[in-house]
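Accompanying notes for the structure given below.
Sequence lines set the chain letters: A, B, ... in the order given, protein chains first and strands last, and positions in each chain run from 1.
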Amino acid sequence: MNIFRFAGDMMHLLSVVVLLLKIHKMKSCAGISLKTQELYALVFICRYLDIFTGFISLYNTIMKIVFLASAFSILWYMRSHKVVRQTYDKDQDTFRHYFLILACMVLALLVHHKFTFREVMWTFSIYLEAVAILPQLVMLQRTRNIDNLTGNYVFFLGTYRGLYMLNWVYRYLTEVHYHHRWLTWISGFIQTALYADFFYYYVKSWRNNEKLQLPA
Amino acid sequence: ESTYEPKDEL
């Protein structure tokens, strides 16, 4: 495992920790899109279908369990926790995420490396992950006061896939047997590009020591 | 091309 991949995973983990910290300590999920969280839970379920059958490393298995467990605990907090669920701003979270699911499923059935159940589900998870942040980005744009934890959450999430891209370049150059997964690369690039606008305002607000606010 | 390709990324 190279440093880019590891750093990417840690960023991903950090984003989840930051979000859980906000929810657990502040008992608030203000500004967080439930729809994005639902999409991520679905992404993890479909991608980690091999969790009990395909052992790669202890690190791999533990991380999969952590991502699945955190995704479901976030959903539980936002939907069922009596205090947290009242801070969820349903009216601002209006993205039609079912269309994303449908579009990604159709695309996965059409464009994949191999036509098997597991491979199509894996491909679906890759496509869905690329666009899962959209409801969250729309919600951020509508929120006037984005708190630090929410801003950092999205920032870490964007950095994670960016680092994965460096990891793919590194593996492409160093591993003879590394398959040319162009499908993952294109999706990963789109996923990272979606954050470009957000990154710009995040860095700007950080440099100017101002509160983060996205233009409407 | 091998038929089984382990997906070692998360």
Side chain, backbone, both or neither: which part of A/Phe67 has a non-hydrogen atom closer than 4.5 Å to chain B? side chain

Does a side-chain heavy-atom distance below 4.5 Å link B/Leu10 with A/His12? no

Answer yes or no: does atom OH of A/Tyr170 have more than 12 heavy-atom neighbours from other residues, nucleotides or ligands under 6.0 Å? no

Do other residues, nucleotides or ligands put more than 12 heavy atoms under 6.0 Å from A/Phe189 CZ? no

Heavy-atom distances under 4.5 Å only: say whether A/Asp9 touches chain B with side chain, backbone, both or neither. side chain

Please assess B/Lys7 against A/Glu119 for the test side chain to side chain contact (heavy atoms under 4.5 Å, CB included), listing each intermediate value before the final yes or no. CA-CA 10 Å; B/Lys7 294 178 168 52; A/Glu119 187 71 16; 2.9 Å; yes

Does any part of the side chain of A/Arg47, heavy atoms only, come nearer than 4.5 Å to the side chain of B/Glu9, both counted from C-beta? no

Sidechain-backbone polar pair: B/Asp8 side chain, A/Ile56 backbone, donor-acceptor under 3.5 Å: no

Decide if atom CH2 of A/Trp76 counts as having more than 12 heavy atoms of other residues, nucleotides or ligands within a radius under 6.0 Å. yes

Please check if atom OH in A/Tyr200 has more than 12 non-hydrogen atoms from other residues, nucleotides or ligands closer than 6.0 Å. no

